[in-house]
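Keep in mind that what you see is a predicted model, and the values were worked out from it rather than measured.
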Number of protein chains: 2
Amino acid sequence: MTARRNSATGDRMTAICQGIRRAIIEGALLPGDRLPEDALGESFGVSRTIARHALGQLAAEGLVDLRRNRIATVAAPTPADARDIFDIRVALERQVVQHLAGNLTPDQVAELKDIVAQEHAARHGPDGASIRLATEFHIRLAQMTGKPILVRYVTEICYRAGLSLSSLARPHSSECAISEHLALIELIARGPADKAAQMMADHLEAVAARALLSGDRGRSRDLVNILQPYAKG
Amino acid sequence: MTARRNSATGDRMTAICQGIRRAIIEGALLPGDRLPEDALGESFGVSRTIARHALGQLAAEGLVDLRRNRIATVAAPTPADARDIFDIRVALERQVVQHLAGNLTPDQVAELKDIVAQEHAARHGPDGASIRLATEFHIRLAQMTGKPILVRYVTEICYRAGLSLSSLARPHSSECAISEHLALIELIARGPADKAAQMMADHLEAVAARALLSGDRGRSRDLVNILQPYAKG
DNA sequence: CATGACCAAAGTGCATACACTTCATGCCAC
DNA sequence: GTGGCATGAAGTGTATGCACTTTGGTCATG
């Protein structure tokens, strides 16, 4: 029916991972939310085996907390974790920009601008969409380096950063990132590499700086309803 | 007997992962070597379920190649992959040194020197031991930052680097790293952070530079005998 | 001698079953 | 009431079984 993906192992597991990742990054799932294997399996129409395997992957990515004999939960990064995550993110995305500066094709510039346009369109919509698109911008940027391992790490750290933001940041704090993304595209396309890398670092620092408040939100939420939109992929 | 770690899920899976990681980093397992689930399970005395889960983790770390319906194999990094891995490694370990410079306790200095002493003692032993100890040096360094996420990434990238070296480097190429490690300790303990970070970067570049030859070694090897020493932990 | 179809062996994909652990609830002694 | 213990429900840990896929070899055929 739909296109077949076979990234690593079975693609049903990949689908679950993607679904949960999206739910996490959009803030639909919040740190501490429980992810029981059976409920997950039921949501996605697979057995516990696969749900369990998916949770293992997500735990390896740091998005899920997995303790023996305990129900898996969405990871709850501490402010210190968030700080570390952004430090690492700066280091990695600096590399992305270094490799990319001056080498973007017009097509790539257009694609990036398109993502920013979507960000602009979504800026008054649900908060999660903004974060997702902003994240997508950074991930696409990494993909354009054509370095698969760098892509992997940037992707992972971006998701972790998104999780950190969703728990620690106040709403709409990522809004002003749009103009910064536009400026980034320009500087990466034309400017000197060092300058572009520095701008990326500043941009990320700014995003991190805007999220200092530690806001707790509600607990004990309804997994089935939350995940329903993400089960279709 | 030894202290028990329950990092993520059951510790039997962790044991398998550790065993295979060690086997890989010491060069006992080479890129392309097959890792069938049953054989693995039998080697470590567990069922396929757990072996499979372990393979999933290792695949997430990039040490194992997992393709649908195919036997898992030890990952085979290309020279380009190796280059990317070392670039990322430099970026991450720079951060480690930045955080550590000037803050090492005497105990920590002593512990690091002890590892280097072990490296010295093992410099004429089996080639794998040298690489393992060198890797341990870098990982311990990262752990001393007390930043768990940084530790995670440094550890992972060190293992990937070790795998790259085991397939691409010529034997004993890591020998001269010993004196560099000693100098690093000194500079991290006393020197200015920037200088220490630069030295770390130079050190890693040197290690990478010493491994340019693409040497293919034998294929189709005996898994059971290879893994036997690693099954006990 | 090369080539392609077929077949069995080996291996993976996945679900299910069962033992064990954790957790929440209620009960009882105080 | 209140603290502590028993108990069952919920959930995880792991092994096993079966269907499907891949693979390598064999044999007939050109």
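- Of the residues near DNA chain D, A/Ala72 and B/Gly45, the one whose nearest nucleotide (by heavy atom distance) lies more toward the 5' end is A/Ala72.
- Listed by chain and residue number, B/Val90, B/Ala197, B/Gln198, B/Ala201 satisfy the side chain to side chain contact (heavy atoms under 4.5 Å, CB included) test with B/Arg94 (two or more places apart in sequence, or in another chain).
- No hydrogens or angles considered: nothing links the side chains of A/Asp11 and A/Thr14 as a donor-acceptor pair under 3.5 Å.
- One atom, CG of B/Asp11, and another, C1' of D/dT12, lie 14 Å apart when rounded to the nearest Å.
- Going from atom CE of B/Met13 over to atom P of D/dA15 covers 13 Å, rounded to whole Å.
- The listed nucleotides are D/dT12, C/dG11, C/dA15; the one nearest the side chain of A/Arg52 is D/dT12.
- Not a single side-chain hydrogen bond (donor to acceptor under 3.5 Å, both in side chains) links B/Thr155 to another residue, sequence neighbours left out.
- Contact annotation: side chain of B/Arg48 to base of D/dG17, donor-acceptor pair present below 3.5 Å.
- A salt bridge (Lys or Arg N to Asp or Glu O under 4.0 Å) check over residues 155-167 of chain A, counting only residues at least two apart or in different chains, returns the pairs A/Glu156-A/Arg160.
- Both B/Leu55 and A/Val46 lie close to DNA chain C; mapped to their nearest nucleotides by heavy-atom distance, the more 5′-ward contact belongs to B/Leu55.
- Listed by chain and residue number, A/Leu40 satisfy the side chain to side chain contact (heavy atoms under 4.5 Å, CB included) test with A/Ala51 (two or more places apart in sequence, or in another chain).
- Across the protein-nucleic acid pair, A/Glu42 atom CD and D/dA10 atom P stand 13 Å apart, rounded to whole Å.
- Following rounding to the nearest Å, B/Glu37 (CD) and C/dG11 (C1') show an atom-to-atom distance of 8 Å.
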Going 5' to 3' through nucleotides 19-25 of chain C, assign each nucleotide B (protein heavy atom under 4.0 Å from a base atom), S (under 4.0 Å only from sugar-phosphate atoms) or - (no protein heavy atom that close). --SSS--
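- Here C/dA10 presents its C1' atom at 16 Å from CG of B/Leu40, a figure rounded to the nearest Å.
- For B/Glu111, the side-chain hydrogen bond (donor to acceptor under 3.5 Å, both in side chains) test picks out B/Arg140, with sequence neighbours left out.
- Taking atom CZ on B/Arg12 and atom C1' on D/dT14, their separation rounds to 7 Å, with Å as the unit.
- OP1 or OP2 of C/dC14 has not a single side-chain nitrogen or oxygen of A/Thr49 nearer than 4.0 Å.
- In this structure, A/Asp38 atom CG and D/dG13 atom P are separated by 12 Å, rounded to whole Å.
- For the pair A/Leu35 CG and D/dA10 P, the interatomic distance rounds to 19 Å; values are reported in whole Å.
- Environment of CD in B/Glu42: sparse, with no more than 12 heavy atoms of neighbouring residues, nucleotides or ligands closer than 6.0 Å.
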